[in-house]
2 protein chains.
Amino acid sequence: MYHSPTERLEYDPPVAWNTQETRQKLLAAASTHFSRSGFAGGRVEAIAREAGINKERIYQYFGNKEGLFAAVLESEVERLLDGIDITGAGADALGTLAGDLFDRAAQHPRLVRLLLWESLELAEPVSASTRGAGCARMVAALEQAVPRSDARGGADTLLSVIGIAFADTCLPHLSRLISGSDSPEDRRSAVVQQARRLA
Amino acid sequence: MYHSPTERLEYDPPVAWNTQETRQKLLAAASTHFSRSGFAGGRVEAIAREAGINKERIYQYFGNKEGLFAAVLESEVERLLDGIDITGAGADALGTLAGDLFDRAAQHPRLVRLLLWESLELAEPVSASTRGAGCARMVAALEQAVPRSDARGGADTLLSVIGIAFADTCLPHLSRLISGSDSPEDRRSAVVQQARRLA
DNA sequence: CAAATCTCCAAACGTTCGGTTGGAGTTTAA
DNA sequence: TTAAACTCCAACCGAACGTTTGGAGATTTG
C-alpha cells in the first residue's frame with residue numbers, strides 16, 4: 001500500500017474488515033455533511049475523509065451519491081417525530097406536543113435541516129409509507145386528545161403545531177428579523193403558548 | 001464572430017447594447033434556477049443559456065455566482081411580505097393575514113423556496129436592515145390589531161401565523177404525509193381557521 | 001493449505017464547473 | 001472623424017467532482 005511521501009509510515013498495518021462499522025461511519029459523516037450543505041453541496045470526498053474511509057466504499061455500500069443521501073434521509077428523518085406521543089388533553093396536549101417538537105429540533109437541528117433539504121431537493125419523500133403510518137397514528141391520537149367537529153381537525157392541528165414549533169428552525173433568518181435574538185427558553189415558552197391557543 | 005457548424009448563420013448581426021435588459025434577463029433566469037436548485041445546485045452556464053446571454057456577463061454584472069445569488073435574494077425575498085398589511089382586529093386580523101400569506105406563497109412558490117435556500121445556504125440574511133424594518137412595522141400593526149399582555153406577543157404571533165401559513169410550502173412532503181392530498185382551497189381554509197385561534 | 005470471495009485502498013479517469021481571456025463590434029466623447 | 005470606453009461573445013483554463021479501476025490483503029470455504 002503506497003502512501004504519499006509526506007505521510008509515509010514506517011510500517012502500514014493491513015486493514016482488517018469491519019463492514020458494519022464502515023457503513024455506519026460513512027452514514028454518520030454523510031449525515032453531517034448533507035445536513036450542512038444538502039445533496040448538491042455535499043462532497044463525496046469530504047464525507048469519506050471525515051469518516052476515515054476510502055470514498056470507493058461509498059459506491060460499494062450505497063451505489064452512488066444519491067443512494068447515500070437517500071440512506072441518510074431514511075435513517076434520520078423518521079427520528080424527528082419518533083417517540084413523541086400525544087399526552088394529556090385539550091390545550092395541555094397541544095402545548096406539550098409543541099414543546100416536545102421544539103426540544104427535538106433544538107437538540108437535533110440536523111433533523112429539521114435534513115427534512116428541509118429533502119423538501120427542496122427531492123421530488124418525493126423517502127420512507128413514505130412508514131412515515132405516513134406514523135403521522136396517521138399521531139393524527140388519530142390528536143383527534144382523541146383535542147376533539148373537534150371538522151373532519152380533518154387532527155391533521156390540520158398537527159400540521160399547525162409543527163409549523164409553530166419549527167418556524168424558527170425552518171426559517172431562522174426571518175425568525176431573527178421578526179423576533180430579534182430571544183433566548184431558546186423564551187422561544188420555547190412562546191411556542192408552547194401559541195400552540196395551546198389552537199385548542 | 002464564429003458559430004459552431006451546426007448553427008452557422010448566413011449572416012451574424014452585430015450585438016446591440018442593452019445593459020439593463022441583459023441584467024434583468026440574467027436575474028430572472030437566476031431566480032428560476034436558484035429557486036429550483038439552490039445556490040450549490042444552480043449552474044452558471046444553464047442560467048446564462050436560459051437568459052440568452054453569454055455567461056461572462058454574469059461576472060461583469062454580479063462578480064461571481066455568489067453575487068448573482070445574493071442579487072436574486074435581495075430582489076425576491078422582500079416580495080414575500082411586501083404589500084401584506086394587517087387589517088381588521090382580533091381573530092379576523094389573524095385569519096386575513098394567514099390567508100394573504102398563504103395566497104402569496106401559492107401564487108409565488110419560488111419566493112418561499114428562495115427563503116428556504118437562504119436559510120440553509122447562507123449564514124446571514126440578505127437585506128437585513130430593510131427586511132427587519134418591514135417586520136417591525138408588521139409586528140407593531142399586529143400589536144394594535146390583537147392586543148395582548150405579554151411584551152413580545154406581536155412578534156410571537158407573527159412568527160406563528162407565518163409558521164402555520166407556510167407549513168405546507170416549507171415542508172411539502174411532511175404536509176402531504178400528514179394531510180394527504182387536500183385541495184388548495186381546503187388547505188387555505190384550514191390555515192385561516194388555525195390562525196384565527198391564535199387570537 | 002489453497003482457492004475463492006470479500007473488503008479495503010490509492011490512483012486515475014472523464015466530465016463538469018466556475019471563472020478568465022482575447023477580441024469584435026457598439027456607443028460615447030473629444 | 002477618431003480614439004476611448006463599453007458591452008458582448010466564443011473559446012479556453014485549471015480545479016473540482018463523482019465514479020471506476022487495478023490490486024493488496026483479510027476472511028471464508030472446501
Side-chain angles (χ1 to χ4, degrees), chain A residues 1-30 33-34 36-72 121, chain B residues 1-30 33-34 36-72 121:
Chain A
M1 172 188 286
Y2 176 74
H3 284 287
S4 71
T6 55
E7 56 171 346
R8 180 180 293 280
L9 306 178
E10 189 95 8
Y11 162 67
D12 289 340
V15 185
W17 292 17
N18 201 328
T19 311
Q20 275 305 315
E21 185 180 298
T22 299
R23 193 172 193 284
Q24 286 307 320
K25 281 175 163 172
L26 288 171
L27 275 175
H33 285 249
F34 286 139
R36 181 187 304 143
S37 311
F39 173 78
R43 295 285 172 262
V44 175
E45 161 68 27
I47 289 168
R49 191 183 316 120
E50 174 161 337
I53 306 294
N54 193 271
K55 69 175 172 172
E56 177 275 333
R57 293 284 80 199
I58 290 173
Y59 299 89
Q60 178 61 36
Y61 287 122
F62 303 99
N64 55 19
K65 185 183 179 186
E66 276 184 74
L68 179 60
F69 187 51
V72 165
E121 298 188 295
Chain B
M1 174 187 284
Y2 176 76
H3 282 288
S4 72
T6 55
E7 58 171 346
R8 179 181 296 278
L9 306 177
E10 188 96 8
Y11 163 68
D12 290 340
V15 185
W17 291 18
N18 202 326
T19 311
Q20 275 307 315
E21 184 179 297
T22 298
R23 195 172 192 283
Q24 285 309 320
K25 280 175 165 172
L26 288 170
L27 273 176
H33 284 250
F34 286 138
R36 182 187 303 142
S37 310
F39 173 78
R43 294 286 172 261
V44 176
E45 162 67 29
I47 289 168
R49 191 185 316 121
E50 174 160 339
I53 305 295
N54 194 270
K55 72 172 171 171
E56 177 277 330
R57 293 285 79 201
I58 290 173
Y59 299 91
Q60 179 61 37
Y61 287 121
F62 303 100
N64 55 18
K65 186 183 180 187
E66 276 184 75
L68 180 60
F69 188 51
V72 165
E121 298 188 293

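Just so it is clear: chains get the letters A, B, ... in the order the sequence lines come, proteins before strands, and each one is counted from 1. Only heavy atoms go into these numbers, but all of them, side chains included; no hydrogens, no water, no symmetry mates.
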Start with the C-alpha gap between A:Tyr61 and A:Leu68, add the side-chain angles, then the distance that decides, and say whether side chain to side chain contact (heavy atoms under 4.5 Å, CB included) holds.
CA-CA 8 Å; A:Tyr61 287 122; A:Leu68 179 60; over 6 Å; no

Is there a side-chain polar atom (N or O) of B:Tyr61 under 4.0 Å from OP1 or OP2 of D:dT7?
no

Rounded to the nearest 0.5 Å, what separation is found between the CD atom of B:Glu66 and the CD atom of B:Glu121?
10.5 Å

Rounded to whole angstroms, how far apart are CD on B:Gln60 and P on D:dC8?
9 Å

Please enumerate all residues that pass salt bridge (charged side-chain N to carboxylate O under 4.0 Å, His left out) together with B:Lys65, with sequence neighbours excluded.
none

Measure the spacing between OG1 of B:Thr22 and CG of B:Leu27 and express it to the nearest 0.5 Å.
11.0 Å

Please name all residues satisfying side chain to side chain donor-acceptor pair (under 3.5 Å) with B:Asn64, sequence neighbours left out, ordered by chain then number.
none

Within residues 17-28 of chain B, those residues having any heavy atom closer than 4.0 Å to DNA chain D are B:Trp17, B:Asn18, B:Thr19, B:Thr22

Reckon A:Ile58 touches a base, only the sugar-phosphate, or nothing at all at heavy-atom distances under 4.0 Å?
nothing

Taken in chain and number order and not counting sequence neighbours, the residues that satisfy side chain to side chain donor-acceptor pair (under 3.5 Å) with B:Glu21 are B:Asn18, B:Lys25

Rounding to a whole Å, what distance do you find between B:Arg57:CZ and C:dG25:P?
16 Å

Could you pull out all donor-acceptor pairs under 3.5 Å where a side-chain atom in residues 38-55 of chain B meets a protein atom, sequence neighbours excluded?
| from | atom 1 | to | atom 2 | distance (Å) |
| --- | --- | --- | --- | --- |
| B:Arg43 | NH1 | B:Ala40 | O | 3.0 |
| B:Glu45 | OE2 | B:Arg49 | NH2 | 3.3 |
| B:Glu50 | OE1 | B:His33 | NE2 | 2.7 |
| B:Asn54 | OD1 | B:Glu56 | N | 3.0 |

Using a 4.0 Å cut-off on protein heavy atoms (strictly under), produce a 5'-to-3' string for nucleotides 14-22 of chain D with B for base contact, S for backbone-only sugar-phosphate contact, and - for none.
---SBBBB-

Would you mind reading off the distance between A:Phe62 atom CZ and C:dT7 atom P, rounded to a whole angstrom?
13 Å

